[in-house]
Structures are given as structure tokens and as C-alpha cells.
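Written below as C-alpha cells is the structure these notes are about.
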Amino acid sequence: MSDNTQDILKEAAAAAAVGGSLFSTFDIIMLIFLFGAALWWLYTSRKENKKDDLLLSKYSIQPAGSIQITENSFIKKLQSSGRSLVVFYGSQTGTGEEFAGRLAKEGIRYKMKGMVADPEECDMEELTKLRDIENSLAVFCLATYGEGDPTDNAMDFYEWLKSGDPDLTGLNYAVSTIKLSN
């Protein structure tokens, strides 16, 4: 070792012998600060990874006892999972979607297993086949905004209904609207 390094070590040893510690108050504060900064960094990086995972996965509200629609045929999903309640939502801000999730969850109270569905992601012409499922019920939880206009994700469904083509006789359904102000 160099003479300079040996002198520093001797001074540190002498200070430790006199003061009883190799660390000053400043050293302890800096160590606590660095430890806190490392913990903060680990916490925020883990939080960002979770956000990235959420962005990669499809976003949907899934109450306990509901399933996520990954294909256009909600009828196949109902049949394959033994469910009979489907709650469609039209939502601009998420209010209708949240309420639809609550309704699907509440179906259990009436011995109906439910699922939540976005009409924009479903083939809504299959509504005519829903009456073939025993004790089935379609609930439409649709928000409106402005002058009662349909939400963006319910616009195609609204246009399809307005066209007059669908024959929905025999379909058990309920409609709930939520008025949102601009």
C-alpha cells in the first residue's frame, strides 16, 4: 500500500479508537438515504412492470363468477361455461362497465351465473340465438351522454337495433340506462 493510504487507515483507526465508531453521523444519514432510494427504485420499477403487464393484457372488469370474452361468439361462451346471464355494457367513462360487472355478480343471488360483455367486441346478431339457452337473460347496461347519444362502444349495436332487422321475440332482457353529463 502507498504511504498516503496507510496514513488514512491509521487516522481512521485512531478516530475509531477515540470516538468508538468508524461512521460519523453524516455517514449514517447517507447510508439510510441510499438504502431508502434503493427501496424506492425497486418499488417503482416493480409497479411499472405491473402497468406494462396490464397494458399487454386485455382490460376488462371481471366480477367473481364471470368470464372474459375473447372471441365474438358470446353464445358459445355461455354454453361452454354453463352460464345463462350476459350483461352488455355501453360505457364512455367506465361507469356502465363497472355497473355491468356488479349486475353480473349479483346474478348468483338468482341462481344465474353471469358474464360481462362489450357489444363492440361481440357479434350482436347472435342475440336471436340467446333464447335457445334455458333460463337465459340479457341485461343491457348502457350509459348515454350529451343528448342521450349512445356511447362509442354501443354505437354499432344501436345502429343495428335501429335498422329494424333483428327479430328478438322470445328474448328475455332488461335494460338499464345511465345518464352522464358532458
Side-chain angles (χ1 to χ4, degrees), residues 43-182:
Y43 175 74
T44 57
S45 67
R46 185 178 302 168
K47 199 173 182 181
E48 288 175 3
N49 287 341
K50 286 183 182 178
K51 283 182 185 177
D52 291 343
D53 291 344
L54 285 175
L55 290 175
L56 292 175
S57 67
K58 184 177 178 182
Y59 174 76
S60 70
I61 292 180
Q62 290 188 355
S66 73
I67 61 171
Q68 178 181 4
I69 291 185
T70 56
E71 63 178 56
N72 288 349
S73 178
F74 67 91
I75 295 294
K76 288 181 184 175
K77 287 291 187 183
L78 286 171
Q79 291 171 335
S80 67
S81 62
R83 297 171 192 271
S84 58
L85 170 65
V86 59
V87 184
F88 295 99
Y89 65 89
S91 185
Q92 204 70 18
T93 61
T95 305
E97 186 176 4
E98 181 183 342
F99 190 61
R102 289 181 187 176
L103 287 175
K105 186 177 180 181
E106 287 294 315
I108 294 290
R109 295 174 81 183
Y110 303 99
K111 296 181 174 44
M112 297 181 83
K113 292 166 64 177
M115 69 182 215
V116 178
D118 183 344
E120 187 173 47
E121 296 175 1
C122 296
D123 182 9
M124 295 306 286
E125 292 177 7
E126 286 193 325
L127 270 178
T128 58
K129 298 177 185 175
L130 186 60
R131 61 183 162 235
D132 298 337
I133 298 175
E134 187 177 336
N135 296 322
S136 63
L137 175 65
V139 177
F140 300 93
C141 183
L142 305 170
T144 62
Y145 67 98
E147 299 291 321
D149 299 323
T151 58
D152 292 342
N153 72 319
M155 187 60 80
D156 291 339
F157 175 59
Y158 174 73
E159 294 296 329
W160 178 70
L161 285 175
K162 266 182 40 176
S163 73
D165 292 339
D167 177 21
L168 301 177
T169 50
L171 177 69
N172 295 321
Y173 67 93
V175 177
S176 170
T177 60
I178 302 168
K179 171 73 169 121
L180 300 175
S181 60
N182 289 354

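Everything numeric in this text was worked out from a predicted model, so none of it was measured.
Across all non-hydrogen atoms, the minimal contact from E134 to S84 is O-CB, 3.9 Å. Listed here is the closest heavy atom pair of V87 and A100: CG1-CB, 3.5 Å. The minimum heavy-atom distance between T151 and S91, with the atom names listed, is OG1-N, 3.3 Å. When all heavy atoms of G170 and R131 are compared, the closest pair comes out as O-CB, 3.6 Å.
Here the CD-CD1 distance, from Q79 to I133, works out to 4.5 Å after rounding to the nearest 0.5 Å. For the atom pair CE (M112) and CG (L103), the distance works out to 12.0 Å, reported to the nearest 0.5 Å. Rounding to the nearest 0.5 Å places CE of M124 at 4.0 Å from CZ of F157. Here CG of L171 is found 10.5 Å from CG of D132. Values are rounded to the nearest 0.5 Å. In this structure, CG in D167 is found 11.5 Å from CG in L127, a value given to the nearest 0.5 Å. With rounding to the nearest 0.5 angstrom, the CG atom of L85 is 8.5 Å from the CG atom of L78.
Among L130, N135, L137, the single residue meeting the side chain to side chain contact (heavy atoms under 4.5 Å, CB included) criterion with N172 is L137.
Residues D123 and I75 fail the side-chain proximity criterion, which asks for heavy atoms closer than 4.5 Å. Using a 4.5 Å heavy-atom threshold, the side chains of V139 and V86 count as separate. The closest side-chain heavy-atom distance from P166 to L161 is below 4.5 Å.
Aromatic ring pairs are classed by plane angle as parallel below 30°, tilted from 30° to 60° and perpendicular above 60°; the pair F88 and F74 is perpendicular.
A donor-acceptor pair is defined here as one N or O able to donate and one able to accept, closer than 3.5 Å; no such pair exists between the side chain of Q92 and the backbone of T144. N153 places a side-chain N or O within donor-acceptor distance of the main-chain N or O of Y89, the cut-off being under 3.5 Å. A donor-acceptor contact shorter than 3.5 Å links the side chain of R83 to the backbone of G114.
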